[in-house]
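Single-structure report; data block below.
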Amino acid sequence: MSFDYSIEIGKERLNFNTGYLAKQADGAVAVSYGEIVVFASTVASREVKEGQDFFPLTVDYREKSYAAGKIPGGFIKRENRPSDKEVLVSRLTDRPLRPLFPEDFVNEIQIIIYVLSADGINQHDVIAINAASASLIVSGMPFNGPVGAVRVGRINGNLIVNPAFNEMEESDIDLVVAGTKKAVTMIEGCSKNVSEDDMLAAVQFAHDNIIKICEVQEELKKAVNKPPFPYKPYIPDQEFKIAVRERYYSDLEQLKNITVKKPREDAWNAIYEKAKEELRDQFPDSIDQLRGVLDGLDGEIMRRRCLEEGARADGRGLRDIRPIDIMTGILPRAHGSAVFTRGETQSIGVTTLGTLAEAQKLDNLEGNSSKRFMLHYNFPPFSVGEVGRTGNPGRREIGHGMLAERSLEYVIPDASVFPYTIRQVSEIFESNGSSSMASVCSGSLSLFNAGVPIKGAVAGIAMGLIMEDDKFSILSDIQGLEDHLGDMDFKVAGTETGITAFQLDIKIEGITPEIMKAALEQAKDGRLQILKTMNSFISKPETAVSVHAPKIKILNVRVEKIGEIIGPGGRVIKAIVEETGAEINIDDTGRVVISSISEESIDNAARKILGIAEDVEVGTFYTGTVKKIMEFGAFVEIAPGKEGLVHISNLDHTRVKEVTDICAVGDKMRVKVIKIDRQGRIDLSRKEALQE
């Protein structure tokens, strides 16, 4: 039996259908919006691996090329490994769902999402979150949802829900917000330097629409009425937990005296090994639970100290920022570089400038596009003192890189001002929390060092939350332990005057607007403090780009001259590139961008292009190249693609018997334009040029 429920959200109806597709899955829902169709399925394992004490949730989002009427590019004409966008949407969908499962549920769940139809107008990511939630809701899983999700934009001061692709070009806010009927649980997005109050208003506007979407999913769940999924709750050995608390709680309390990450980890591991040795014989069936029990006690102690004493694991107060150290220009051949160290987190930012032709080409369902600013984030295992795999970037690296990229994107100058492609790389050399925000800071400093005229410095800070009942503490600049044991990871990046990127993940059922407002205000104070330190090292771009960066010159020619500059089949412009060694890009407005490491190469190319772009006039002089010898004269190229004839009678003041007596192919010849006929044929004179 098929069920359909819908609600109007923005300009379209959001429709949920279940019961027709994929009936063997535990839950399957097709969600449509406009001409978008997104399908999501949920399946849970019936068996739990022995000794498993964690919840394995996998979300896999895939875009099908046929959805947009396209055939995949490349040699293998089928969808292959997930794109960065697909990885990002998978993460985006996972984050608001994961905290809403009960702690005693450890069965594996797999959510697979397909974009089956794409209209090129509406965006798919928020539809994917709603589809995933709905598939869980109708599956009978122990899920404390539903979750609704919307995108919020703002055009001319007016907030809009689920804006289309073309509307986002005019929007100064781009937020994806997800949550339950009670509260917001996840935010991801960027903005063009908006205020904290404007951001709060956008989030509240989003939640008003989220409530409606959740209500529709509840109606769907009631109609399907699937029985609860049967599972065996994971229940730790209570006697074992009591024994661990009684014997090792005081040892864990002493960790407050160790404020450095690695020594604290070593001390914690020593407690673990001691407890494991002493309790193994007494609790042979429960000893595998030891790490989780000790971790829970450590979190209990850390959280109590924050709430009751305002003291943190590394000795800081709730609002304190870790010590910051900065170096710039550390890599002599890089176009820009900086090291940003905050506490035990360290990012090396490296800027590389390239030509506009090196912009990244994107082939998405919504069409082909390109971007000239990109940020890549690398997180090697040595940054946390571990041995691990290296290779292709994982979901974490792709997600953190995109957050840092969005944080800096607002300040990147337009191509008309700074006609370069910019690649920013963040190499994480140490990590103890907030490495994505350290990447924002190192990136901003490195861009200044590279001479990129960004609109202003950008800093990022990660905020945490400890909440018990109605009592809470907000933590500034959280470290890894506080992220792991706390209730919130709230990242805010921006300039001195506004927010440029925003990411919120909640590990509880949500936070109130009051807590969010307090966290934003505290984050602003921390961000301004970090920016002050950054500006004390470098506060404006270098006056010139690196000598190792490509040089760029921009010319503007008349549109009707573009064809002449390019030439038939691109022959003219290819010849200029080959002869001068410069790279040339010309757009349909007549803007010509010439780039090369060599200034001489650029000047030569510019001279040739201007020679073509300028109209040839009678009486002007040129130094051209002899291209062809005929019995009656020589053809001389006075500009790329422009040739004229020097008749034998105009080669010299005296009578010339053979043209070859005066010149040969390849010779340089100074000539004067003496005639242009109606067909554009040019007559030249060497004889008259000799008189000058």
Side-chain angles (χ1 to χ4, degrees), residues 1-44 58-69 79 86 89-90 92-94 96-97 100 109-151 161-162 164 176 178-181 209-229 365-366:
M1 186 175 180
S2 180
F3 300 93
D4 276 283
Y5 286 86
S6 65
I7 182 72
E8 188 170 333
I9 299 293
K11 298 177 182 178
E12 306 283 356
R13 290 197 72 81
L14 184 67
N15 183 78
F16 296 84
N17 173 273
T18 189
Y20 182 72
L21 295 175
K23 291 186 281 293
Q24 293 187 49
D26 290 319
V29 176
V31 179
S32 60
Y33 190 76
E35 292 186 348
I36 284 178
V37 178
V38 178
F39 166 83
S41 66
T42 293
V43 176
T58 304
V59 178
D60 192 7
Y61 165 92
R62 293 300 181 97
E63 295 182 343
K64 301 296 184 177
S65 295
Y66 58 69
E79 290 83 3
E86 289 170 315
V89 178
S90 295
L92 194 71
T93 305
D94 179 298
L97 304 179
L100 299 180
I109 286 186
Q110 183 181 49
I111 300 173
I112 295 177
I113 307 167
Y114 292 156
V115 178
L116 301 179
S117 176
D119 58 13
I121 298 171
N122 297 293
Q123 305 192 57
H124 323 116
D125 47 8
V126 294
I127 310 304
I129 300 172
N130 289 306
S133 171
S135 72
L136 280 166
I137 281 295
V138 301
S139 69
M141 298 297 155
F143 173 62
N144 297 321
V147 165
V150 295
R151 171 175 260 102
V161 62
N162 289 356
V176 174
T180 64
K181 287 175 67 174
N209 286 278
I210 285 168
I211 292 171
K212 300 175 187 177
I213 297 172
C214 289
E215 289 173 345
V216 171
Q217 291 185 52
E218 287 176 341
E219 292 178 21
L220 189 69
K221 177 183 179 180
K222 185 177 180 181
V224 173
N225 195 28
K226 192 164 187 175
F229 178 82
L365 293 185
E366 55 269 22

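Quick note: residue numbers are just sequence positions, from 1.
Between the side chain of Ser139 and the backbone N or O of Gly27 there is no donor-acceptor pair closer than 3.5 Å. The closest donor-acceptor contact from the side chain of Ser2 to the backbone of Gly19 lies at 3.5 Å or more, if one exists at all. The main-chain N or O of Ala132 is found under 3.5 Å from a side-chain atom of Ser135 such that the two form a donor-acceptor pair. Within the 3.5 Å criterion, the main-chain N or O of Ala28 finds a donor-acceptor partner in the side chain of Thr18. No donor-acceptor distance shorter than 3.5 angstrom exists from the side chain of Asn15 to the backbone of Val31, with no hydrogens or angles considered. Judged by distance alone, the side chain of Asn130 and the main-chain N or O of Ala149 form a donor-acceptor pair under 3.5 Å.
In this structure, CD in Gln217 is found 8.0 Å from CG in Leu14, a value given to the nearest 0.5 Å. Note that CD1 of Ile129 and CG of Leu92 are 4.0 Å apart. Values are rounded to the nearest 0.5 Å. Distance check, rounded to the nearest 0.5 Å: CG of Asp60 to OG1 of Thr93 gives 10.5 Å. Atom CD of residue Glu63 and atom CG of residue Asp125 lie 9.0 Å apart, to the nearest 0.5 angstrom. In this structure, CG on Asn144 lies 9.5 Å from OG1 on Thr180, to the nearest 0.5 angstrom. Residue Ile111 holds its CD1 atom at 14.5 Å from OH of Tyr61, rounded to the nearest 0.5 Å.
In this structure, Leu116 and Tyr66 have side chains that are in contact, with non-hydrogen atoms separated by less than 4.5 Å. Within the 4.5 Å cutoff, the side chain of Leu97 has heavy atoms near those of the Val147 side chain.
Here the closest non-hydrogen pair linking Gly10 and Tyr33 is CA-OH, 4.0 Å. Looking at every heavy atom in both residues, Asp119 comes nearest to Glu35 through OD2-N, 3.2 Å. In this structure, Met141 and Asp26 approach most closely via the heavy-atom pair CE-OD2, 3.5 Å. When all heavy atoms of Val29 and Leu220 are compared, the closest pair comes out as CG2-CD2, 4.5 Å. Taking every heavy atom of both residues into account, Ala178 and Pro96 meet most closely at CB-CB, 3.8 Å. The heavy-atom pair separating His124 from Ile36 by the smallest distance is CD2-CD1, 3.6 Å.
Counting heavy atoms of neighbouring residues, nucleotides and ligands inside a 6.0 Å radius, atom OH of Tyr114 does not exceed 12 of them. Residue Lys226 places its NZ atom among more than 12 non-hydrogen atoms of other residues, nucleotides or ligands, all under 6.0 Å distant. Open room surrounds NZ on Lys11; 12 or fewer heavy atoms of other groups in view lie less than 6.0 Å from it. More than 12 heavy atoms of other residues, nucleotides or ligands shown are found within 6.0 angstrom of CD on Glu79.
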